[in-house]
Amino acid sequence: MGINDKILVAGAGGFIGGALISLLRKQGYRDLRAVDSKPFDEWYQRFEDVENLSLDLNLKENCETVAKGAVEIYNLAANMGGMGFIEHNKALCMLSVLINTHLLQAALKYGAKRFFYASSACVYNGDKQKTFEAPSLKEEDAYPALAEDGYGWEKLFSERMCRHFMEDFGLTTRVARFHNVYGPWGTWFGGREKAPAAICRKVIEAKVLGRHEIEIWGSGVQTRSFMFIDDCTDGIQRISNSDILEPINLGSSEAVTINQLVDIAEEIAGIKLKRNYDLSAPKGVNGRNSDNALIQKYLHWEPSTPLRVGLEKTYRWIYDQYMARERGEAGVVREAGNSWSASS
Ligand code: NAD
Ligand code: GDD
């Protein structure tokens with residue numbers, strides 16, 4: 001990919017898309033097109049020297065508009081969130097199929113050289129995630145298919161759509177299965193936030209308000225691995241530029257229980273809280289970890305930021321956002337989403 005090639009990032013107003021645009025910009029790419037359906041003041045990161053477009057990519061004509069001239073396309077646009085969102089919005093999650101379908105068609109029509117699709121660990125067979133012992137999921141564990149209802153099935157279908165556009169139509173597609181991604185400039189309140197941001201916010205709230213309790217969804221012994229955002233954007237580029245034809249895990253292999261996640265957040269905050277477990281809250285699978293044998297084999301690389309290191313950066317960032325919101329400072333425009341824009 002040349003420094004002057006046009007690169008399209010779909011979902012650039014969101015967490016990972018915003019981070020990818022920020023990275024590409026720092027790397028010197030000059031012709032960046034950032035697209036998201038949200039109004040500009042709700043984008044997490046927005047840069048004035050980038051072509052920013054607020055367009056609904058469910059619509060085929062908008063996908064054609066944005067794909068025109070793009071050499072490389074990254075599809076990070078989806079209607080998604082943590083368990084609190086995907087468990088209650090299955091139809092909305094499945095409708096993201098329109099974005100990827102129309103973007104693939106537009107990529108083919110306008111001759112894009114590469115197409116990257118952001119899939120998820122939610123494609124994996126639920127039966128393989130029943131144990132709390134953090135089962136490491138290998139790529140082959142997606143089949144026979146029993147994906148997360150709604151969101152996971154859409155991801156699995158869209159993965160296959162990428163494969164068949166490559167096999168039947170010759171479009172170069174790459175697919176990564178992200179495992180729970182966290183970091184600064186991500187969703188930290190409003191209902192779509194995932195466990196790392198939610199736990200940081202709850203610990204901060206308890207500390208600031210002097211309320212020495214925390215509500216945890218589930219029993220706390222569920223296991224997950226969490227990937228820091230810098231590893232995610234690094235991995236996206238490595239996979240996109242590779243010859244890896246099949247969907248591949250992009251996740252940390254440092255599995256922790258949710259209780260251990262809370263331990264780390266408490267340690268960063270310097271407090272200890274009484275834990276209240278809400279067993280009726282959305283829980284998702286009991287255990288999940290990323291098996292990184294395949295990415296190691298292909299790239300001799302895997303996400304490596306220790307959770308303690310990444311969570312500290314995330315905690316500090318959320319703390320600043322929280323305090324700014326408490327002070328009613330400009331930047332946080334509305335309650336339903338983060339609205340901070342970065343201009344440098
Ligand atoms: P995000 O919600 O922060 O960003 C997604 C963006 O897509 C949002 O800004 C949203 O407005 C935009 N979008 C939704 N519908 C759109 C439409 N019709 N047209 C244009 N834009 C639209 O989520 P994220 O964490 O940045 O996730 C990026 C991608 O990675 C998604 O495909 C998601 O499913 C996938 N993923 C993320 C994680 C994670 O832990 N963050 C894990 C697995 C997979
Ligand atoms: N969101 C959230 N908020 N989760 C909590 C909380 C809380 O306050 N307290 C405990 N949890 C628990 C959840 O019950 C779940 O068992 C675990 O933390 C992880 O929850 P999430 O981070 O919301 O989601 P996930 O890991 O089950 O799935 C996420 O990652 C997938 C990729 O690995 C989702 O974001 C999916 O959309 C994503 O594809």
Side-chain angles (χ1 to χ4, degrees), residues 9-20 34-39 42-44 53-59 62-63 66 74-87 92-93 95-96 98-100 102-103 116-124 129 132 137 147-148 150-152 154-155 158 176-183 185-187 189 191-202 214-227 229 232 236 249-252 257-259 261-262 275 277-279 281-290 337-338:
V9 177
F15 171 40
I16 303 173
L20 184 61
V35 186
D36 203 288
S37 54
K38 292 192 290 198
E42 292 173 23
W43 290 30
Y44 294 173
L53 298 169
S54 176
L55 289 173
D56 181 356
L57 296 177
N58 283 319
L59 305 178
N62 287 342
C63 288
V66 302
Y74 293 87
N75 179 14
L76 296 157
N79 210 338
M80 71 89 66
M83 279 319 301
F85 181 79
I86 64 176
E87 195 163 302
L92 273 183
C93 288
L95 281 170
S96 297
L98 294 173
I99 304 172
N100 198 58
H102 291 144
L103 266 182
F116 176 90
Y117 176 64
S119 185
S120 163
C122 287
V123 300
Y124 285 114
Q129 302 170 78
F132 291 98
L137 297 161
E148 175 81 37
Y151 176 75
E154 189 278 323
K155 290 289 183 194
S158 291
R177 291 176 180 158
F178 299 169
H179 289 245
N180 208 318
V181 190
Y182 71 100
W185 307 106
T187 308
F189 72 106
R192 291 181 189 247
E193 64 279 12
K194 287 166 274 290
I199 297 299
C200 285
R201 188 202 68 232
K202 288 177 178 182
I214 185 168
E215 184 197 273
I216 297 168
W217 296 358
S219 61
V221 297
Q222 314 96 295
T223 45
R224 294 290 186 280
S225 74
F226 300 104
M227 170 169 56
I229 183 65
C232 181
I236 289 172
N249 279 334
L250 180 55
S252 162
T257 64
I258 297 304
N259 276 329
L261 178 71
V262 178
R275 299 178 186 189
Y277 296 97
D278 181 355
L279 300 181
K283 290 179 284 291
V285 296
N286 289 339
R288 167 183 293 162
N289 193 9
S290 180
N338 304 339

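Counting starts at 1 for both ligands and their atoms, following the listed order. Because the structure is predicted, anything quoted here is derived from the model rather than measured.
- We find the CD1-OG1 distance between Ile258 and Thr223 to be 8.0 Å, quoted to the nearest 0.5 Å.
- The shortest separation from a heavy atom of Tyr151 to ligand 1 is under 4.0 Å, placing the residue in contact.
- The nearest heavy-atom contact from the protein to atom 42 (C) of ligand 1 is Phe178 CB, 3.7 Å.
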Worked verdict on Phe116 versus Asn75 for side chain to side chain contact (heavy atoms under 4.5 Å, CB included): CA-CA 6 Å; Phe116 176 90; Asn75 179 14; over 6 Å; no
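- Taking every non-hydrogen atom of Leu55 and a distance limit under 4.0 Å, the qualifying atoms of ligand 1 come out as 19 (N), 20 (C).
- Take Cys93 and apply the side chain to side chain contact (heavy atoms under 4.5 Å, CB included) test, not counting sequence neighbours, and it matches Phe85, Ile86, Tyr151.
- Of the possible polar contacts, none joining the His179 side chain to the Ser225 backbone as a donor-acceptor pair under 3.5 Å is found.
- Contact record, Ala12 with Val9: CB-O, 3.6 Å, taken as the closest heavy-atom pair.
- We find the CG-CD1 distance between Asn62 and Ile99 to be 11.0 Å, quoted to the nearest 0.5 Å.
- Nearest protein heavy-atom contact of atom 28 (C) of ligand 1 is Leu76 O, 3.2 Å.
- Checking each of Lys155, Glu154, Lys194, Arg192 against Met80 for a side chain to side chain contact (heavy atoms under 4.5 Å, CB included) leaves exactly one that passes, namely Lys194.
- Within ligand 1, counting atoms from 1 as listed, the ones closer than 4.0 Å to a heavy atom of Ile99 are 15 (N), 16 (C), 17 (C), 18 (N).
- Of the protein's non-hydrogen atoms, the one nearest atom 11 (O) of ligand 1 is Asp36 OD1, 2.6 Å.
- Looking at atom 3 (O) of ligand 1, its nearest protein heavy atom turns out to be Phe15 N, 2.8 Å.
- Contact atoms of ligand 1 toward Lys38: 9 (O), 11 (O) (distance under 4.0 Å to a heavy atom of the residue).
- Taking atom 4 (O) of ligand 1 as the reference point, the nearest protein heavy-atom neighbour is Gly14 CA, 3.4 Å.
- With respect to atom 18 (N) of ligand 1, the closest heavy atom belonging to the protein is Asp56 OD1, 2.8 Å.
- In this structure, Phe132 CZ and Asn286 CG are separated by 3.5 Å, a value rounded to the nearest 0.5 Å.
- Proximity of His179 to ligand 1 is not established, as no heavy-atom distance is less than 4.0 Å.
- Short contacts between ligand 1 and Ala118, defined as distances under 4.0 Å to a heavy atom of the residue, involve ligand atoms 29 (C), 30 (O), 32 (O).
- In this structure, Cys122 SG and Phe178 CZ are separated by 12.5 Å, a value rounded to the nearest 0.5 Å.
- Applying the 4.0 Å criterion to heavy atoms of Asn58 picks out, from ligand 1, the atoms 18 (N).
- With hydrogens left out, the protein atom closest to atom 40 (O) of ligand 1 is Val181 N, 2.7 Å, a heavy atom.
- Once rounded to the nearest 0.5 Å, the distance linking CG of Leu57 with CG of Leu55 reads 6.5 Å.
- At least one heavy atom of Ser119 sits closer than 4.0 Å to an atom of ligand 1.
- At the top of the distance list for atom 14 (C) of ligand 1, counting protein heavy atoms only, stands Ala78 O, 3.3 Å.
- Ranked by closest heavy atom to atom 19 (N) of ligand 1, the top entry among Ile16, Leu57, Asn62 is Leu57.
- A donor-acceptor pair is defined here as one N or O able to donate and one able to accept, closer than 3.5 Å; such a pair exists between the side chain of Ser96 and the backbone of Asn79.
- Not counting sequence neighbours, the partners of Tyr182 by the ring-ring contact (aromatic ring centres under 6.0 Å, His included) test are Phe228.
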Please give the N or O to N or O pairs under 3.5 Å between ligand 2 and the protein, distances rounded to 0.1 Å.
residue: ligand 2; atom: 1 (N); partner: Glu193; partner atom: O; Å: 3.1
residue: ligand 2; atom: 8 (O); partner: Lys202; partner atom: NZ; Å: 2.6
residue: ligand 2; atom: 9 (N); partner: Trp217; partner atom: N; Å: 3.0
residue: ligand 2; atom: 14 (O); partner: Pro282; partner atom: O; Å: 2.7
residue: ligand 2; atom: 16 (O); partner: Gln222; partner atom: NE2; Å: 3.0
residue: ligand 2; atom: 16 (O); partner: Arg224; partner atom: NH2; Å: 3.4
residue: ligand 2; atom: 16 (O); partner: Lys283; partner atom: O; Å: 2.6
residue: ligand 2; atom: 22 (O); partner: Asn180; partner atom: ND2; Å: 2.8
residue: ligand 2; atom: 22 (O); partner: Ala195; partner atom: N; Å: 2.8
residue: ligand 2; atom: 23 (O); partner: Met83; partner atom: N; Å: 2.8
residue: ligand 2; atom: 26 (O); partner: Asn180; partner atom: ND2; Å: 2.8
residue: ligand 2; atom: 26 (O); partner: Arg224; partner atom: NE; Å: 2.8
residue: ligand 2; atom: 27 (O); partner: Arg224; partner atom: NE; Å: 3.2
residue: ligand 2; atom: 27 (O); partner: Arg224; partner atom: NH2; Å: 2.9
residue: ligand 2; atom: 33 (O); partner: Asn180; partner atom: N; Å: 2.9
residue: ligand 2; atom: 35 (O); partner: Gly81; partner atom: O; Å: 3.1
residue: ligand 2; atom: 37 (O); partner: Gly81; partner atom: O; Å: 2.9
residue: ligand 2; atom: 39 (O); partner: Ser120; partner atom: OG; Å: 2.5
residue: ligand 2; atom: 39 (O); partner: Tyr151; partner atom: OH; Å: 3.2

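- A donor atom on one side chain and an acceptor atom on the other are not found under 3.5 Å apart for Asp36 and Tyr44.
- Residues Lys38 and Ser54 come closest through the heavy atom pair O-OG, 3.0 Å.
- Of the possible donor and acceptor atoms, none in the side chain of Asn249 sits under 3.5 Å from a partner among the backbone N and O of Ala176.
- Asn58 CG to Asn100 CG: the interatomic distance, rounded to the nearest 0.5 Å, is 11.5 Å.
- For ligand 1, none of its N or O atoms has an N or O atom of Ala77 under 3.5 Å away.
- Each of the atoms 6 (C), 7 (O) of ligand 1 lies under 4.0 Å from some heavy atom of Gly11.
- Closest to atom 37 (C) of ligand 1 by heavy atom, among Met80, Met227, Arg177, is Met80.
- Considering only residues two or more places apart in sequence or on other chains, Pro39 meets the side chain to side chain contact (heavy atoms under 4.5 Å, CB included) condition with Asp41, Glu42.
- By the 3.5 Å distance cut-off applied to N or O atoms, Thr187 is not counted among the residues near ligand 1.
- Residue Lys155 has at least one heavy-atom neighbour below 4.0 Å for each of these atoms of ligand 1: 31 (C), 32 (O), 33 (C), 34 (O).
- The N/O atoms of Ser37, backbone and side chain alike, include one that comes under 3.5 Å of an N/O atom in ligand 1.
- Checked by atom type and distance alone, the side chain of Gln222 never pairs as donor or acceptor with a backbone atom of Lys283 at under 3.5 Å.
- Proximity of Lys194 to ligand 1, defined as any heavy-atom pair under 4.0 Å, is confined to the side chain (atoms from C-beta onward).
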